[in-house]
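A quick write-up on the structure given underneath.
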Amino acid sequence: MLQYPSLDSLLYYVNLANATNYGLLDLLVSKPQVVSGSWHEQVTLKNTVVRLSAAPGSPYKGNKQVVYDRLNLANLAGLKGFKVWAYQIPDVHGLIPAIANYTGLHFSTDDLNNVPLVDNGDGNLKAVLTAHPDSIAWIGSVELIVVPGGVPLDTAVSEPNLPGLNYPTANDQDTFGAVYLYGYDFTTYFNDVALMPTGVLSTGDADKLVIALKATDISSGAALWTNTDGATAWNLKGATIVSNGLNSSSLPTNQAYKYVMALTLDAGVITPAGTMYLHYNDPFDPSAT
Amino acid sequence: MPLYLKPSQDEVYDLINLANPDLGFVASPLNVKLSAPAAATVSGQPNLNTKITLGAVQGGDFMGRKEVFYRRRNLTSLFRAVTVQIDLYRAPVSAGALAYTVYQLLPYLNAKYGMSLTQDDVNDGNILYGSTLEGGFNTTTVTVTAKTTSPGYIGSFALKWKSAPQDLATMIGVSELGGRLYPGGNDFTAHKTIVNLMGYGTDFTAINQATPWPGYPTSNSLPSSNQAGNQAWLNAFFAEINRQYGTAFGGGPTATCKTATIYPLPNVLAPEANSRYFNRVMVIELNDGVADSIGVGRFYIHFNV
């Protein structure tokens, strides 16, 4: 159970060897001691001994020493996949979650000495993992390359409610003026629309625009355009020309047209809603070559 | 830029980055995968209608996964009150035959309405050539429905296709015209005689009556297919030409004349003929490029019958 947390791993092998079923809270584990060659006059190839004691409150009593092998971190260097990605992690202990995520090796802060990561000189960082002398599962040391990345999406994406996608206006019950008039070509009315100044439409200009809109519009409001006091829909009375002139790639407009007029209806006119763009080109001259 | 510049998937990545400016890395298709979107509601967030799971591309900028919520635009709402109409020429076919597919019209729709709909956003569909005429042009309306897997759209809208006059700009694909040349070409360094003006003003009525060709005056079997039979008439014709111009045109081998066509006048097929004084013209096209051709171009032989 290479990738178990250290205590889980020790308990696993205790239970496996003895047909027991100790849980994590049942036993206390002493600091490990190095064993070399023999233990209590018994020849052993194991390298570690610990004393297991019954935890207070557990249904057990007494204690027992067991010998087993702590693994050398150095051997991890030969395992394919021993590589992690981490972002703005300063030290080895900060790296432990990333190591678990990418390799399944579940180190604890008790297993590894906490030292800063160092620059590897190639855009990556290098972590020197050195087993703490009291680690119950690990000995030795190994270098681990840390590639920038691996930001955990679940915590980094702190705002799960995304602000969109949006319609042209804030109210999705609107008839969107920007969509409603987008597809029309007002070049035929160049001589009228090109001369209209910014600001609130004069009555004469509003009347001209009503004529142009009624003739151009093929949608449901076509016949309804008006220049009337108090009408709350399709009404150009009090409308404001925000801008009028050369088109710009910074506007949400059709760049196939040279000119565009941005028009907003009076605040009391709710249909269509939002800024409308009337596209037009220079008038066509059939004699020009 | 259009109203909606980016394909809807790109818009979703923009939203993720906009709402989470401290990700460390810019989320993109290179480092974050998007699951298929699913309908969802979020308490207190009436605008949100979709959930999607972000998954890290392994071995990259991100790790793990995260469910996020956003709003897909409802095409029905977006095009509220709008008659979405694409005017595009289609050569007439029988009613019920395929005129266009929805996907074929998507680029036109995007251009006209400032959209960036892709084949990932909406289902394809056939737009059949109908029998509904509007101002003389065939129209068909179909419903375009958002794909359930579209990152950006739900709902549907009516798309009206209307045939339109064929556009000169696309019809006239060859704008550099060839062929306006003098007969035999515009290089006059070794040029054969151009015969077009020779005898144009002459009334050949009397000569044709005196020496008719077989089938005179209506047969235009002259000359190559019946050269021998025409020889007498050709001799008479050339005699008059030679008399006027001092040439030595001879009796006419087969190569001399390629075609001869008689037009009643006036005639739109022979606008250059003199219909003021004559009611027939025989146009003899010489065999341009043949070594023994007496010249290049065409004789206009005017006469009355």
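Below, each value reflects all heavy atoms present in this structure, side chains not excepted, and no hydrogens, waters or symmetry copies. Note on naming: letters A, B, ... go to the chains in the order of the sequence lines (proteins, then strands), and numbering restarts at 1 for each one.
- Between chain B and the residues A:Ser250, A:Ser158, A:Gly164, A:Ala178, the most heavy-atom pairs under 4.5 angstrom are made by A:Gly164.
- With a 6.0 Å radius and a threshold of 12 heavy atoms from other residues, nucleotides or ligands, B:Tyr108 has its OH atom at or below the threshold.
- A centroid separation of 6.0 Å or more is found between the aromatic rings of A:Phe176 and B:Phe79.
- The most heavy-atom pairs under 4.5 Å with chain A, out of B:Leu3, B:Asn31, B:Asp14, come from B:Leu3.
- Contact detail for A:Pro163 and B:Leu15: the closest heavy-atom pair is O-CD2, 3.5 Å.
- For chain B, the nearby parts of A:Tyr180 are the backbone and the side chain; heavy atoms of each come within less than 4.5 Å.
- Of the two parts of B:Tyr153, neither the backbone nor the side chain holds a non-hydrogen atom closer than 4.5 Å to a non-hydrogen atom of chain A.
- Using a 4.5 Å cut-off between heavy atoms, B:Glu67 touches chain A through its backbone atoms (N, CA, C, O) alone.
- Note: B:Asn20 leads B:Val68, B:Leu18, B:Asn20 in heavy-atom pairs under 4.5 Å with chain A.
- In this structure, the portion of B:Arg65 lying under 4.5 Å from any heavy atom of chain A is its backbone and not its side chain.
- Using a 4.5 Å heavy-atom cutoff, the side chains of A:Asn166 and B:Arg71 are in contact.
- Within the 4.5 Å cutoff, no side-chain heavy atoms of A:Pro152 are placed close to those of B:Phe62.
- For chain A, the option among B:Gly60, B:Ser8, B:Gly114 with the highest count of heavy-atom pairs below 4.5 Å is B:Gly60.
- In this structure, chain A has heavy atoms under 4.5 Å from both the backbone and the side chain of B:Glu11.
- Considering only heavy-atom pairs separated by less than 4.5 Å from chain B, the leading option among A:Ile218, A:Leu165, A:Asn247, A:Val157 is A:Leu165.
- Within a 6.0 Å radius of OH in B:Tyr182, other residues, nucleotides and ligands contribute 12 heavy atoms or fewer.
- With a 4.5 angstrom heavy-atom cutoff, A:Pro168 touches chain B via backbone and side-chain atoms both.
- With a threshold of 4.5 angstrom between heavy atoms, A:Gln173 approaches chain B through its backbone and through its side chain.
- A 4.5 Å side-chain heavy-atom check between B:Tyr113 and A:Asn254 finds every atom pair outside the cut-off.
- With contacts defined as side-chain heavy-atom distances shorter than 4.5 Å, the pair B:Lys66/A:Pro160 qualifies.
- For the pair B:Pro2/A:Tyr182, a side-chain contact is recorded, criterion being any heavy-atom separation below 4.5 Å from C-beta on.
- The candidate from A:Ala256, A:Ala156, A:Ser248 with the greatest count of non-hydrogen atom pairs under 4.5 Å with chain B is A:Ala156.
- Salt-bridge check for A:Asp174 with B:Arg80: failed, with every basic side-chain N at 4.0 Å or more from each acidic carboxylate O.
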Evaluate B:Phe69 against A:Leu162 for side-chain contact (heavy atoms from CB on, under 4.5 Å), listing each step before the verdict.
CA-CA 6 Å; B:Phe69 300 86; A:Leu162 307 182; over 6 Å; no
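- Although no hydrogens or angles enter the test, the distance criterion places a donor-acceptor pair under 3.5 Å between the side chain of A:Ser219 and the main chain of B:Thr83.
- Residue A:Lys214 qualifies as enclosed at atom NZ: its count of foreign heavy atoms under 6.0 Å is above 12.
- Between the A:Ser220 side chain and the B:Ala81 main chain, a donor and an acceptor come within less than 3.5 Å of each other.
- The shortest side-chain heavy-atom distance between A:Trp85 and B:Met63 does not fall under the 4.5 Å cut-off.
- Looking at B:Val42 and A:Asn161, their side chains come closer than 4.5 Å, going by heavy atoms from C-beta outward.
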